[in-house]
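Working notes for the structure below.
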2 protein chains.
Amino acid sequence: MTYSEENYLKVIYHLSTGNSKGITTNAIANEMESKPSSVTDMVKKLAEKELVAYKKYQGVSLTEKGRQHAVMIVRKHRLWEVFLVDKLDFSWDEVHDVAEQLEHIKSEKLIDKLDEFLDFPTEDPHGDPIPDRNGKIAKMEKQLLSETSLNTKVICVGVKDSSSSFLQYLDKQQIALGSAIEIVSREHFDQSLSLKVNDKPLSVSNKIAANLFVKPL
Amino acid sequence: MTYSEENYLKVIYHLSTGNSKGITTNAIANEMESKPSSVTDMVKKLAEKELVAYKKYQGVSLTEKGRQHAVMIVRKHRLWEVFLVDKLDFSWDEVHDVAEQLEHIKSEKLIDKLDEFLDFPTEDPHGDPIPDRNGKIAKMEKQLLSETSLNTKVICVGVKDSSSSFLQYLDKQQIALGSAIEIVSREHFDQSLSLKVNDKPLSVSNKIAANLFVKPL
DNA sequence: AAACATTTTTAGTTTTGCCTAAAAATATAA
DNA sequence: TTATATTTTTAGGCAAAACTAAAAATGTTT
């Protein structure tokens with residue numbers, strides 16, 4: 001499996017979650033910052049290897065085999081992120097690009113040993129679940145802050161958008177995984193929220209709230 | 001710098017140590033398990049980028065810029081080897097292939113943080129020196145066991161050949177870095193040696209002795 | 001120094017992964 | 001439902017990195 005094939009599988013995997021239909025070549029091309037025609041080429045190759053199911057003009061979807069491969073790449077990516085943050089003191093907004101490279105290292109032993117070394121973490125630094133060595137993903141109860149009702153006490157358990165600008169905003173506001181959040185009021189006009197984050201008052205836009213995962217206390 | 005270019009630089013670097021003249025395309029092709037014609041192509045490209053000095057039919061040598069790059073790849077390779085052995089419990093005969101992949105990961109921050117995490121090791125698991133972040137290599141006093149005189153007490157500090165078959169042989173004989181070795185006698189016929197390794201008697205062929213680095217106590 | 005052998009380079013292909021431009025299929029609108 | 005717009009695929013090309021086979025240069029013998 002080449003570097004490039006792995007990237008395609010990963011992208012198709014991510015586009016698939018919560019999307020039951022076939023993934024369009026356009027969507028893939030957008031995500032990969034490439035061209036639809038390039039995607040068509042690669043998708044044919046992946047179909048040849050039975051990693052995706054593909055019918056012309058109908059989009060693609062992962063086969064079970066393809067899904068299994070994709071999940072393993074995600075596992076590697078997220079384990080490396082934990083390593084970078086927990087062991088090498090990277091911050092959560094710095095890990096993505098390096099993990100993108102590390103996820104392609106081929107050695108089952110390496111990844112299982114790393115898993116053990118990190119104490120079998122179940123989530124990465126952004127709160128995303130880490131598949132176990134069999135590809136099983138423990139799903140966590142979580143909801144968007146924007147969809148949470150008033151006066152609820154919740155804790156922050158993840159981010160939807162993990163762009164560094166969003167993560168740096170959260171750092172600035174001292175919101176981290178594990179932060180206690182209470183929704184004090186919701187502005188009707190723009191859906192912005194008044195919060196208490198670790199007992200300190202903070203006002204956030206709906207866009208912020210729509211990218212923060214929380215779970216009830 | 002591509003993956004392939006890095007591999008060429010690394011190979012040229014290794015062939016250069018202890019070899020003042022230009023490195024032949026044939027030598028490089030042998031080392032890389034490829035063909036001389038392929039080497040010629042790549043060498044031209046590297047010369048274009050001023051990483052090597054190259055004159056047709058005269059072989060290649062690294063420029064200072066090329067040497068600096070090569071040393072950084074070696075630094076990464078050896079640091080990752082330390083990581084694998086010290087932190088993930090790999091044995092010294094298992095690390096090479098994985099380190100070969102990891103050495104191409106691009107992130108200065110990663111490698112400096114890793115260095116720090118490992119406590120700034122000066123040698124890799126085979127006793128080879130690890131260049132510091134400026135490319136400086138501390139050279140260690142060491143000699144081949146085969147060139148050591150009788151009745152000398154030495155300790156094992158490295159291996160010349162780091163193939164897994166040799167390393168596994170050493171494991172079996174319980175010879176490791178730090179082992180105390182005394183040369184009891186040398187057989188004139190085949191230059192084989194009678195040793196005491198950690199006070200236990202052991203007889204080894206000249207070939208073994210010619211691949212073990214030791215230093216006087 | 002000429003003849004032969006070896007090494008190195010050149011020339012021309014192949015494969016992979018991408019591209020552009022044009023054609024084909026599908027989706028949307030009048 | 002036909003016309004128009006959008007999406008997707010095909011066709012043909014390009015660059016990187018490898019290869020084979022042939023040509024050129026260098027080395028080695030006699």
Side-chain angles (χ1 to χ4, degrees), chain A residues 1-16 19-62 66 69-70 73 100-101 103-106, chain B residues 1-16 19-62 66 69-70 73 100-101 103-106:
Chain A
M1 178 104 71
T2 69
Y3 195 99
S4 188
E5 287 170 341
E6 290 192 346
N7 281 333
Y8 273 91
L9 282 188
K10 190 183 53 165
V11 164
I12 297 168
Y13 174 80
H14 286 308
L15 290 171
S16 297
N19 197 328
S20 55
K21 314 142 209 138
I23 308 303
T24 67
T25 40
N26 241 340
I28 298 169
N30 271 341
E31 199 67 25
M32 313 243 320
E33 302 188 331
S34 69
K35 305 289 161 176
S37 55
S38 308
V39 175
T40 304
D41 285 350
M42 181 56 88
V43 154
K44 280 177 179 172
K45 209 171 112 187
L46 294 175
E48 198 70 35
K49 297 191 177 187
E50 299 184 305
L51 294 162
V52 302
Y54 168 62
K55 273 203 200 117
K56 278 188 195 178
Y57 298 99
Q58 307 305 129
V60 276
S61 57
L62 292 174
H69 274 279
I73 298 164
E100 242 0 32
Q101 297 179 63
E103 74 191 2
H104 298 289
I105 302 294
K106 278 163 194 57
Chain B
M1 180 103 74
T2 69
Y3 194 100
S4 188
E5 286 171 341
E6 289 192 346
N7 281 333
Y8 273 90
L9 282 188
K10 190 183 55 166
V11 164
I12 297 168
Y13 174 80
H14 285 309
L15 290 172
S16 297
N19 197 329
S20 55
K21 315 143 207 136
I23 308 304
T24 68
T25 39
N26 239 340
I28 297 169
N30 270 342
E31 200 66 26
M32 313 242 320
E33 302 188 331
S34 69
K35 305 289 161 175
S37 54
S38 309
V39 175
T40 303
D41 285 349
M42 180 56 89
V43 153
K44 279 180 181 171
K45 209 171 111 184
L46 295 174
E48 198 70 37
K49 297 190 177 188
E50 298 184 304
L51 294 163
V52 302
Y54 168 62
K55 272 204 203 116
K56 277 188 193 179
Y57 298 100
Q58 305 305 128
V60 277
S61 58
L62 292 174
H69 274 279
I73 298 164
E100 221 44 2
Q101 297 178 65
E103 74 191 1
H104 297 290
I105 302 295
K106 277 164 194 57

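The structure displayed is predicted, hence computed values, not measured ones. Within every chain, numbering begins at 1; the chains are lettered A, B, ... in the order of the sequence lines, protein sequences first and strands thereafter.
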Could you tell me if the side chain of A:Leu15 sits less than 4.5 Å from the side chain of A:Val11, heavy atoms only? yes

Quick test of your reading: applying side chain to side chain donor-acceptor pair (under 3.5 Å), list the pairs with at least one residue in residues 48-62 of chain A, sequence neighbours left out, ordered by first then second residue. A:Glu5-A:Lys49

Mind checking what makes side chain to side chain contact (heavy atoms under 4.5 Å, CB included) contact with B:His69, not counting sequence neighbours? B:Met1, B:Leu9, B:Leu51, B:Lys65

Which residues within residues 4-12 of chain A lie with some heavy atom under 4.0 Å of an atom in DNA chain D? none

Whole angstrom value for the distance that separates [atom2] of [N] from [atom1] of [X]:
X	N	atom1	atom2	answer
A:Lys49	C:dT15	NZ	C1'	12 Å
B:Ile28	C:dT9	CD1	C1'	14 Å
A:Asp41	C:dT20	CG	P	13 Å
B:Met32	D:dA18	CE	C1'	10 Å
B:Lys35	D:dA21	NZ	C1'	12 Å
B:Glu48	D:dA15	CD	C1'	15 Å
B:Lys44	D:dA16	NZ	P	14 Å

With sequence neighbours left out, what residues match B:Gln101 under side-chain hydrogen bond (donor to acceptor under 3.5 Å, both in side chains)? none

NZ/NE/NH1/NH2 to OD/OE distance under 4.0 Å, A:Glu100 and A:Lys10: yes

For side chain to side chain contact (heavy atoms under 4.5 Å, CB included), just list the numbers for B:Thr2 and B:His104, CA-CA rounded to whole Å, side-chain angles, deciding distance to a tenth of an Å, and then say yes or no. CA-CA 9 Å; B:Thr2 69; B:His104 297 290; over 6 Å; no

Comparing B:Ser37 and B:Met42 on DNA chain D - which has the more 5′ nearest nucleotide: B:Met42

Backbone N/O of B:Asn19 and side chain of B:Lys21: donor-acceptor pair under 3.5 Å: no

All heavy atoms of B:Ile12 vs all of B:Ser16, minimum pair found to be O-OG, 2.6 Å

Between protein and nucleic acid, restricted to nucleotides 6-8 of chain C and to nitrogen or oxygen atoms under 3.5 Å apart, what atom pairs and distances do you find?
unit_1	atom_1	unit_2	atom_2	d
C:dT8	OP2	B:Asn26	N	3.2
C:dT8	OP2	B:Asn26	ND2	3.1
C:dT8	O5'	B:Thr25	OG1	3.4

Which side-chain N or O atoms in residues 28-44 of chain B pair as donor and acceptor under 3.5 Å with protein atoms at least two apart or in another chain?
unit_1	atom_1	unit_2	atom_2	d
B:Thr40	OG1	B:Pro36	O	3.1

